[in-house]
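One-based numbering, in listed order, for ligands and for the atoms of each.
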Amino acid sequence: MIVKKKRWSSIRWRIILIYFLLVFIAMTIIGVFIMSELEAYQMKSIRNNFTEIVQGNILSFQEYGNLDEHKEEIQNDILAWSKSLREEMFVVNSDFIIIASSNPNYLGKSGLDLLNQSILVKGLSGEIAEEDGILPSGIPVKNMVFPIESDNEITGVVCLRADISSVYEIQNQSKVIFIQAMIVALIITLLLGFLIARSITVPIIDVTEKAEKMSRGDFSQVVDVKSDDEIGQLASMFNLLREKLDHTLSEISNEKNKLEAILKNMVDGLLAVDLNGRIILANQSAMLMLSLTQEEIAEKSYDEIMGKLSDNLRFECIRENCKNGSSHDIFHYGGFYYDIRYDRFKDENDQDVGIIILIQDITEQQKLENMQRDFVANVSHELKTPLTTIKSYTETLVDREINDTGTIMSFLKIIDAEADRMSRLVRELLQLSRLDHKQERWYKKELNLINVLKTSITKVEMTAQNKNQQLNQIFDPTQKIMTVIDRDRIDQVFLNVLSNAITYTKEGGRIDVDAYKDEKYAHVIIKDNGIGISENEVHRVFERFYRVDKARSREMGGTGLGLSIAKQIIEEHDGSINIESKLGKGTKVSIKLPLAPRRGIRNIE
Ligand code: ADP
C-alpha cells in the first residue's frame with residue numbers, strides 16, 4: 001500500500017512554492033532596483049536643476065567681489081529669480097550670515113542656525129556639497145551649496161534648498177503600485193504554477209495509482225500517453241513495463257500451473273523439507289501415502305511425520321546420507337512398501353536450501369518379487385517330492401536286489417505315477433509360461449458350448465460314479481449356446497473345475513452343472529456340496545500353486561496350477577471365472593463366456 005504523501009510536501013505544492021518564491025524574489029529585486037534608480041534619478045534631476053539655476057547666477061555673484069557690499073543687488077536678483085523657482089535660494093557670506101534669500105525672513109540671520117552647517121562649511125572651503133535633511137516643520141529637503149569665488153577667494157556660497165517630499169511621495173506611490181503589481185503577478189504565478197504543476201503531477205499520480213493497482217495484481221492498467229516529453233516517456237515506459245511484467249507473470253503462472261499439475265498428478269509422493277526440518281511442500285500422492293492432511297503438514301515437522309516411521313528416515317540421518325549425493329531407503333507403512341529417494345536442493349547461489357524426497361509405492365513390485373521367489377520355491381518343492389520318491393524307490397530296487405515281481409511291479413507303478421505327476425506339472429508350467437508370454441496357439445471356432453460341456457461331463461462321469469456322487473446336468477442338453485472358443489482349452493477348464501468338484505466333495509456328495517445364456521453371455525455353473533473353502537482363502541485359489549489343504553490336494557494329484565490356468569484361458573476368451581464357497585457347505589464356480597456374434601461361422605486362430 002502506497003503511503004500518501006502529505007499535501008504540502010507534494011511535488012505540486014513544491015513547484016507552486018518555487019514559482020512563487022522565484023517571482024517574489026525577482027520582483028523584489030527589480031522593485032528595489034527600480035525604486036533606488038527612480039530616487040537617484042529624481043535626486044539627480046533636482047541636483048541638475050540646482051546646478052542650472054546656479055550656473056547662470058553664480059558668475060554675476062562672482063563679479064560683485066565683496067558680497068556684503070552688493071547685498072541689495074543680490075537680494076533683488078534672487079527675488080527676481082525666485083518668482084519663477086520653487087526652490088529656495090540663499091546667499092551666505094564667509095561669516096555664515098545670510099545676506100540674500102528668496103525667503104526674506106532669513107535675511108541677516110546666521111546660516112549656521114538656519115541652514116545645513118556641514119555643507120556651508122564645505123561650500124566655504126570651495127566644495128560643491130549637498131545633503132538631505134528635514135526641516136523642523138518635518139518637510140524633507142535637499143540642500144546644496146555652490147561656492148562663490150572671486151579673485152581666488154571664496155567670498156560666500158549660494159545655498160539652494162528644495163522640498164523633496166514629492167520625491168518620497170512618488171517613491172511611496174511607486175511602492176504601492178509595485179506591491180499591487182507584485183500581488184497580481186504572484187496570484188497569476190500561483191495559478192500558472194498550479195496549472196503547470198498539475199500537468200506534471202496528474203500523469204505521475206495516474207502512473208502511481210495504476211502501479212498501486214498493479215501491485216495488487218491487476219495488470220489491466222494502461223496509462224494514457226498524452227505528450228512526447230519526459231512524462232510521456234515515463235507513461236509509455238510504464239505501459240511497456242506493465243506489458244512485460246504481465247507477460248512474465250503469466251509465463252511464471254503457466255509454469256507454476258504446469259508444475260502444480262505435474263505434482264498433483266504424479267503417482268509418486270513428493271516432499272520438500274527445509275533445513276529446519278519443516279515440510280514446505282507435499283503433493284497429493286505423498287499426503288495419501290502418509291495419510292496426512294494439509295493442517296498436519298503445516299503443524300507437524302518432518303521428524304514428527306516421517307522420523308517416527310523409521311530411525312533411518314530421521315531428518316538428521318537423511319541429511320547426513322545425502323551429503324555426497326542422492327540416497328535411498330525402503331520403508332513399510334500401512335501395509336505398503338515404499339522406496340524413498342532423497343537429495344539436497346540448492347538455491348541460485350549454490351547454497352543448500354533443503355532436501356527433496358521422492359516416495360515410490362513399490363508394493364506391487366515387492367509382491368511380484370515375492371511371487372517370483374515363491375514360484376521358484378514352489379516349483380522346486382513340487383519337483384523335489386516326486387523326485388525324492390522316484391529316487392528312493394529306484395535305489396531300493398537297485399541296492400536290495402528285490403526278486404519279488406509283485407513288489408517290483410508295485411514299486412514301478414509308484415515310480416510311474418510320480419513321473420506322470422512330474423510330467424503333468426512340467427506340462428502345466430509350460431502351458432502357464434506360454435499363456436504368460438502370449439505364445440499359446442488358439443484354435444477358436446464357433447461352437448455350441450453345451451456340446452463341449454457335455455463331453456467334459458462324460459469324461460469325469462466315471463470318477464464321480466466311483467465316489468458315489470450325483471453328477472446332475474440341470475441344463476437343457478438340447479439347447480444351443482453358440483460361443484467362439486478353443487474347444488480343447490475350454491474342455492480343459494471344465495475338466496479342471498469338474499475334477500475339483502469331485503475331488504473336494506465327499507463320497508455320496510452332489511454336483512450340479514447348469515448352463516444358460518443371457519443377452520450377451522453364456523453362463524456355466526458348477527456347484528458342489530463338498531468341503532468348501534474358508535472365506536479368507538477363497539480369493540487366493542486362482543494364485544499359482546495355491547492349495548487350501550496342501551497335503552490333501554497333493555495326495556489327490558493336484559498341482560495347485562489348475563485354476564490359475566483356467567482363469568487365464570477364460571480371460572483369453574474375454575470371459576470371467578468366479579468362485580464362491582462356504583467352508584463345509586460347498587463351492588460354486590461360475591464361468592461366463594461371450595456369445596458368438598449372430599451371423600456366420602468364424603474361425604479364429
Ligand atoms: P489343484 O490342482 O490343487 O486342484 P486348483 O488350482 O485347481 O489346483 O485348485 C486350487 C485349490 O483350490 C485346490 O488345491 C483346493 O484346495 C481348492 N479348490 C478348488 N476347487 C475346489 C472345490 N470345488 N471345493 C473345495 N476346494 C476347492
Side-chain angles (χ1 to χ4, degrees), residues 371 374-375 377-386 417-418 420-436 453 456-457 459-461 463-464 466-472 474 489-514 524-572 575-591:
M371 267 167 69
D374 288 353
F375 186 76
N378 280 328
V379 171
S380 325
H381 185 72
E382 292 302 325
L383 288 172
K384 197 182 147 215
T385 319
E418 289 302 310
D420 273 354
R421 224 159 94 84
M422 269 173 44
S423 73
R424 192 168 70 249
L425 184 69
V426 171
R427 204 171 48 245
E428 285 181 356
L429 281 173
L430 282 172
Q431 190 179 11
L432 262 180
S433 156
R434 281 200 306 275
L435 286 167
D436 283 346
L453 186 59
S456 307
I457 292 171
K459 285 182 189 169
V460 295
E461 247 167 8
T463 331
N466 291 343
K467 284 185 83 175
N468 288 325
Q469 290 167 337
Q470 288 179 43
L471 186 56
N472 304 318
I474 299 177
R489 296 290 145 257
I490 295 297
D491 179 46
Q492 185 186 344
V493 172
F494 289 157
L495 280 178
N496 182 267
V497 177
L498 286 167
S499 330
N500 280 348
I502 295 165
T503 310
Y504 302 107
T505 302
K506 288 179 191 143
E507 291 216 0
R510 176 195 165 106
I511 296 146
D512 294 333
V513 182
D514 193 7
V524 175
I525 314 289
I526 298 163
K527 199 172 147 191
D528 65 59
N529 61 352
I531 59 169
I533 309 163
S534 70
E535 214 175 303
N536 52 351
E537 283 186 291
V538 73
H539 65 279
R540 297 195 60 188
V541 293
F542 292 108
E543 283 177 22
R544 290 169 190 190
F545 293 111
Y546 192 80
R547 285 176 294 206
V548 179
D549 182 344
K550 295 193 174 35
R552 185 167 167 182
S553 167
R554 197 174 290 122
E555 211 175 89
M556 309 281 193
T559 56
L561 292 174
L563 282 179
S564 59
I565 292 175
K567 188 172 161 69
Q568 271 186 274
I569 291 172
I570 295 295
E571 279 172 2
E572 194 59 46
S576 66
I577 177 165
N578 274 311
I579 189 158
E580 294 162 56
S581 191
K582 266 201 173 142
L583 196 61
K585 290 269 159 77
T587 306
K588 178 179 158 187
V589 178
S590 316
I591 296 165

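- At least one N or O atom of Thr559, backbone or side chain, sits closer than 3.5 Å to an N or O atom of ligand 1.
- A side-chain donor-acceptor contact under 3.5 Å links Gln469 to the backbone of Lys506.
- Around CD of Glu535, the count of heavy atoms belonging to other residues, nucleotides or ligands within 6.0 Å does not exceed 12.
- A salt bridge between Glu537 and Arg540 is absent, with no side-chain N of the basic residue lying under 4.0 Å from a carboxylate O of the acidic one.
- Polar contact with ligand 1: absent for Ile579 (N/O pair, distance under 3.5 Å).
- Within ligand 1, counting atoms from 1 as listed, the ones closer than 4.0 Å to a heavy atom of Val548 are 14 (O), 16 (O), 17 (C).
- Looking at Phe542 against ligand 1, nothing comes within 4.0 Å, counting heavy atoms.
- Contacts with ligand 1 closer than 4.0 Å are made by no heavy atom of Thr503, backbone or side chain.
- Ligand 1 has no nitrogen or oxygen under 3.5 angstrom from a nitrogen or oxygen of Ser564.
- Without hydrogens or angle criteria, Asn529 side chain to Arg510 main chain gives a donor-acceptor distance under 3.5 Å.
- Contact annotation for Thr587 and ligand 1: only side-chain heavy atoms (C-beta onward) come within less than 4.0 Å of the ligand.
- The distance from the CZ atom of Arg544 to the CG atom of Leu563 is 13.0 Å, given to the nearest 0.5 Å.
- Residue Gly532 places no N or O, backbone or side chain, under 3.5 Å from any N or O of ligand 1.
- Taking a cut-off of under 4.0 Å to the non-hydrogen atoms of Tyr546, the atoms of ligand 1 that pass are 10 (C), 11 (C).
- A distance of 4.5 Å separates NZ in Lys588 from CD in Glu580, rounded to the nearest 0.5 Å.
- The closest non-hydrogen atom to atom 1 (P) of ligand 1, taken over Ala501, Gly560, Ala566, comes from Gly560.
- Between atom CG of residue Leu429 and atom CG of residue Leu383 there is a gap of 7.0 Å, rounded to the nearest 0.5 Å.
- Glu428 CD to Leu435 CG: the interatomic distance, rounded to the nearest 0.5 Å, is 11.0 Å.
- For ligand 1, none of its N or O atoms has an N or O atom of Ile531 under 3.5 Å away.
- Of all atoms in ligand 1, listed by their number and element, those nearer than 4.0 Å to a heavy atom of Leu563 are 5 (P), 6 (O), 7 (O), 9 (O), 19 (C).
- Looking at Ile526, Ile533, Asn529 and measuring to atom 26 (N) of ligand 1, the nearest heavy atom belongs to Ile533.
- Contact annotation for Asn496 and ligand 1: only side-chain heavy atoms (C-beta onward) come within less than 4.0 Å of the ligand.
- When each of Val513, Thr503, Thr505, Leu498 is tested with Asp528 by the rule side chain to side chain contact (heavy atoms under 4.5 Å, CB included), just one qualifies, namely Thr505.
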